[in-house]
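To start, the structure itself, in structure tokens.
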Amino acid sequence: MNVFVLFEERIDDAITALVADGVLPEGTEARGLTVEPPRDPSHGDLASNAAMVLAKAAKMKPRDLAEQLAEKLRADPDVNEVEIAGPGFINLRLAPEFWRGVVGAVLKQGQNFGKGPDRPGKKVNVEYVSANPTGPLHVGHVRGAVFGDALANLLAFAGYDVAREYYINDAGSQIDTLCRSAYMRYREALGEEIGDIPEGLYPGDYLKPVGEALVASHGDALLSDDETEWMPVIREVSLHMMMEMIRSDLATLNIKQDVFFSERSMIQGDKDIVAATIEELRGKGMIYEGRLEPPKGTTPPEDWEDREQTLFRSTDFGDDVDRALIKSDGTYTYFASDMAYHHDKYLRGFNVQIDVWGADHAGYIKRVDAAIQALTDKQAEFDVKVCQLVRLYRGGEPVKMSKRAGTFVTLREVVDEVGPDPVRFMMLYRKNEAPLDFDFKAVTETAKENPVFYVQYGHARVCSAMRNAEETFPGIAEKVKTVNVDGLGQLDDEGELGIMRRLAAFPRLVEAAAHAHEPHRIAFYLYELAGDFHAQYNRGKDQPQLRFIRDDDRDLTIARLALVQAVGTVLYTGLSLLGVHAPQEMR
RNA sequence: GGUCCCGUAGCUCAGCUGGAUAGAGCAGCUGACUUCUAAUCAGCAGGUCCCAGGUUCGAAUCCUGGCGGGAUCACCA
């Protein structure tokens with residue numbers, strides 16, 4: 001149940017009624033009508049702009065029209081008060097019974113509270129991580145991984161049919177580099193003194209196991225000066241082991257993906273869907289042979305070569321320059337493969353595609369967007385979520401990292417140090433396009449300024465209250481589960497009603513966050529809900545009559561606990577969307 | 001130089017895709033706290049929403065042009 005949608009419908013009904021009364025002209029439609037929580041709670045529970053958006057068509061003053069609508073709304077039994085304010089806002093104050101009904105709804109629906117309706121015809125593909133299979137995941141991958149995972153959770157909860165996908169870049173020249181690096185480790189594993197790993201190869205120790213595995217399976221049979229002899233074998237083994245490592249890295253953060261799509265698979269054997277994609281575009285007249293200008297404003301790459309090449313007319317779709325598809329050695333550019341890949345996703349039925357990328361790839365958006373538009377005749381919806389940099393701190397001091405020296409911080413190091421929950425929550429406690437500071441010390445502190453703790457503690461406190469109540473009133477938990485609206489009648493404290501309003505906002509929030517592809521809104525909401533709850537708990541110190549557990553009043557305790565349990569349920573649901581554990585207790 | 005992102009309280013950031021008197025945490029100040037599980041709670045103070053135009057009943061939010069910061073520019077991935 002979404003309160004705001006519910007009242008949008010009721011206001012719509014009121015408009016229809018006014019049309020029937022002849023007050024509004026036939027065919028009046030409420031375009032841009034909204035029902036929202038007012039910023040200032042003193043304005044009521046719900047505010048609508050209906051009168052203001054209709055005034056022009058109705059040729060009436062907004063306030064007069066508002067009064068007519070108000071008249072209709074006053075007849076609604078859920079509405080306690082209707083007020084016209086400001087330029088023509090209609091402010092509604094709902095009956096307390098209505099808000100208590102929300103508590104009942106949460107208890108009844110449990111973790112389904114806030115869930116969106118099925119959306120037939122919307123098949124969403126969320127692609128995230130897609131790190132090169134050349135080494136372990138490092139901290140730069142973490143944000144996108146968590147973001148994509150949470151976004152997929154959110155979309156699924158909001159009712160979309162969602163697939164989670166990882167695109168394996170296993171076809172480019174970086175894989176040859178990987179193989180040559182692994183080959184060094186292979187020779188090393190055979191007892192050879194290899195010295196330093198040559199410049200340009202991957203120096204990391206994580207390739208040692210690959211070398212050892214190769215010795216175990218092939219002995220010294222791969223030793224050869226001719227690369228083409230060992231390359232295929234080493235490629236297969238290395239890629240497999242790198243992907244296993246990456247999967248296990250992802251598992252430490254509880255990141256799940258359904259499909260691992262291999263770039264190479266598109267051009268293996270006799271099939272070549274990259275070529276097919278290019279031909280399809282050629283058929284549409286979007287491919288030509290031509291020359292490109294050297295890049296401007298920056299020094300051209302040393303190996304810049306002015307030559308005629310196969311180009312895609314991405315400028316027709318808003319890109320800055322047309323893009324090359326085939327390299328001088330005859331292989332496909334990364335972009336050509338990517339084009340085919342996104343096309344493939346569309347052919348698999350995904351009419352909504354969301355890619356999660358790092359900030360350094362932002363300049364790549366236009367060309368992929370152009371390709372998708374061209375290949376799907378603009379039928380596919382494409383959104384790239386760009387995650388800005390994560391800066392690491394420890395106790396306020398920047399953590400030094402040098403990519404050149406190879407001292408990057410791995411995902412596993414971060415998770416090992418602070419645990420998965422703080423990592424996941426903090427990566428989502430900022431909108432994706434803003435840079436993010438991650439402080440190893442701050443995220444494990446047990447204090448309000450650490451939102452992870454504050455929210456998790458809220459959930460633990462709910463569980464604790466239930467346990468305590470069970471000691472005072474054995475069997476009360478069962479009563480709480482089945483409480484009806486009449487039983488909640490005693491919940492009339494302003495703080496309690498405030499919590500109910502917050503709970504009622506959850507379905508709308510889920511809907512909006514999913515629509516905007518912004519999981520961070522869930523994190524901020526949970527912080528606010530936890531804040532409401534902790535505040536109410538603390539009010540019981542000064543005013544014992546407000547305590548959740550009242551030894552002298554079992555019925556009141558049941559009602560209060562129903563609200564407490566509802567808070568716990570929504571905290572649990574929200575944390576699950578973020579992929580964060582909701583603890584029963586804090587130790 | 002082009003493109004993309006960011007610019008909101010002293011600091012770190014929200015602001016529900018156009019609503020009313022712009023919010024939270026930290027830091028500062030004032031008070032409460034031998035606890036229904038502690039690590040908090042209540043309050044005060046703090047603002048040229050980068051600037052200038054525009055769109056309209058109404059702009060932090062949308063458009064245009066600037067300013068400042070970051071990222072990026074390829075036959076790499």
Side-chain angles (χ1 to χ4, degrees), chain A residues 4 32 34 36-40 42-43 47 49 52-53 55-56 61-62 85-89 91 132 134 169 171-175 292 294-298 300-301 303-305 307 309-310 319-321 323-329 331-338 358-366 386 388-389 429-431 433-437 445-451 453-454 457 460-461 463-465 467-469 472 505 508-509 511-513 515-516 518 520-521 524-525 527-528 531 534-542 544 547-551 557 560 564 585-587:
Chain A
F4 304 92
T34 61
E36 331 185 86
R39 267 187 197 162
D40 185 343
S42 74
H43 289 143
N49 62 354
M52 291 180 288
V53 296
K56 224 173 211 174
K61 287 182 187 163
F89 286 103
N91 291 337
N132 282 341
T134 55
N169 297 137
S173 59
Q174 82 282 4
I175 300 304
L292 287 178
K296 292 195 176 71
T298 177
D303 52 354
W304 175 262
E305 181 191 346
R307 70 172 181 101
Q309 49 190 337
T310 306
D319 197 6
D320 307 317
V321 292
R323 301 294 173 178
L325 300 177
I326 297 173
K327 296 190 259 182
S328 52
D329 66 0
T331 61
Y332 298 117
T333 62
Y334 179 80
F335 173 59
S337 301
D338 222 5
D360 52 342
H361 285 61
Y364 199 70
I365 296 173
K366 281 185 184 175
V386 172
Q388 293 293 328
L389 278 177
Y429 200 62
R430 195 107 310 171
K431 58 181 175 221
E433 58 270 298
L436 184 152
D437 294 344
E445 262 162 34
T446 53
K448 179 171 189 177
E449 54 268 31
N450 176 11
F453 164 76
Y454 193 68
Y457 181 39
R461 186 170 252 176
C463 297
S464 148
R467 283 193 299 269
N468 285 334
T472 313
R508 178 177 190 263
L509 176 89
E511 164 72 32
H515 183 256
E518 289 184 349
H520 76 273
R521 295 192 200 180
F524 281 92
Y525 169 85
Y527 187 74
E528 285 167 357
H534 288 307
Q536 188 64 15
Y537 175 94
N538 275 72
R539 238 163 252 142
K541 286 183 193 170
D542 297 337
R547 294 185 172 204
F548 300 146
I549 299 169
R550 296 285 308 271
D551 297 359
T557 303
R560 297 246 166 100
V564 168
E585 57 183 353
M586 304 296 274
R587 287 286 173 203

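Numbers restart at 1 for each chain; the letters A, B, ... are given by sequence-line order, proteins then strands.
In a base pair of the Watson-Crick type (N1 to N3 plus N6-O4 or O6-N4) or a G-U wobble (N1-O2 and O6-N3), with each distance short of 3.5 Å, B/rA39 is matched with no nucleotide. In this entry B/rA45 has no Watson-Crick or G-U wobble partner, no candidate having both defining distances under 3.5 Å. For B/rU72, the paired nucleotide is B/rG2, the pair qualifying as Watson-Crick or G-U wobble because both relevant distances are below 3.5 Å. Applying the Watson-Crick and G-U wobble criteria (two distances, each under 3.5 Å), B/rU55 pairs with nothing in any strand. Nucleotide B/rU12 forms a pair with B/rA24, judged by Watson-Crick or G-U wobble geometry with both contacts under 3.5 Å.
When the P atom is used for both B/rC29 and B/rU21, the distance is 33 Å, rounded to whole Å. B/rG28 and B/rG23 have their P atoms separated by 24 Å, with the value rounded to a whole Å. Comparing B/rU8 with B/rC51, their P atoms sit 10 Å apart, to the nearest whole Å.
The base of B/rA20 lies close enough to the side chain of A/Asn91 for a donor and an acceptor atom to sit less than 3.5 Å apart. A donor-acceptor contact under 3.5 angstrom links the side-chain atoms of A/Ser328 to the base of B/rC75. The base of B/rC16 sits within donor-acceptor range of the side chain of A/Arg508, with an N or O pair under 3.5 Å.
Among the atoms of the strands shown, only primed sugar atoms or phosphate atoms (P, OP1, OP2) are found under 4.0 Å from some heavy atom of A/Pro435. Residue A/Ala47 is in base contact, counting any heavy-atom pair closer than 4.0 Å across all strands shown. Here A/Arg430 lies in heavy-atom contact (under 4.0 Å) with sugar-phosphate atoms only. Within the nucleic acid shown, A/Arg560 has no heavy atom closer than 4.0 Å to any nucleic acid atom. Within the nucleic acid shown, A/Thr472 has no heavy atom closer than 4.0 Å to any nucleic acid atom. If you check every strand for non-hydrogen atoms under 4.0 Å, A/Ser464 touches a base.
At whole-Å resolution of the value, OH in A/Tyr429 and P in B/rG25 are 9 Å apart. With rounding to whole Å, A/Asp360 atom CG is found 14 Å from B/rA74 atom C1'.
Taking each heavy atom of A/Ala85 and A/Asn91 in turn, the nearest pair found is CB-ND2, 3.6 Å. Taking all atoms of both residues into account, the shortest heavy-atom contact from A/Pro62 to A/Gly88 is CB-CA, 4.4 Å.
Distances were taken from every side-chain heavy atom of A/Gln388 (C-beta onward) to each of B/rC5, B/rA39, B/rC16; the shortest belongs to B/rC5. Side chain of A/Asn538, nearest nucleotide from B/rU40, B/rA71, B/rA39: B/rU40.
The phosphate of B/rG15 (OP1 or OP2) has a side-chain N or O of A/Lys431 nearer than 4.0 angstrom. Checking the phosphate oxygens (OP1, OP2) of B/rU40, no side-chain nitrogen or oxygen of A/Arg461 falls inside 4.0 Å. Side-chain nitrogen and oxygen atoms of A/Tyr454 include at least one within less than 4.0 Å of the OP1 or OP2 phosphate oxygen of B/rC41. The side chain of A/Thr34 contributes no N or O atom lying less than 4.0 Å from OP1 or OP2 of B/rG18. Contact between the side-chain N/O atoms of A/Lys56 and the OP1/OP2 oxygens of B/rC57 is found at a separation under 4.0 Å. Close to B/rA38, at under 4.0 Å from its OP1 or OP2, lies a side-chain N or O of A/Tyr537. Residue A/Lys541 places no side-chain N or O under 4.0 Å from the OP1 or OP2 atom of B/rU34. Residue A/Arg521 places none of its side-chain N or O atoms closer than 4.0 Å to OP1 or OP2 of B/rU17. For A/Tyr457, a side-chain nitrogen or oxygen approaches OP1 or OP2 of B/rA39 to under 4.0 Å.
Remark: A/Arg323 fails to qualify as a cation-pi partner of A/Phe335 under the 6.0 Å distance and 45° angle criteria applied to the six-membered ring.
Using bins of under 30°, 30° to 60° and over 60° for the plane-to-plane angle, the ring pair A/Tyr364/A/Tyr334 lands in the tilted bin. The aromatic rings of A/Tyr527 and A/Tyr454 sit tilted relative to each other, their planes meeting at an angle between 30° and 60°.
Under 3.5 Å, the side chains of A/Tyr525 and A/Arg521 contain no donor-acceptor pair of N or O atoms.
With centroids closer than 5.5 Å and planes inclined by less than 30 degrees as the test, A/Phe89 and the base of B/rA20 pass as a stacked pair.
When each of A/His520 and A/Ala362 is assigned the nucleotide of RNA chain B with its nearest heavy atom, A/Ala362 is the one assigned upstream, toward the 5' end. Nearest-nucleotide positions on RNA chain B for A/Phe453 and A/Gln309 put A/Phe453 closer to the 5' end.
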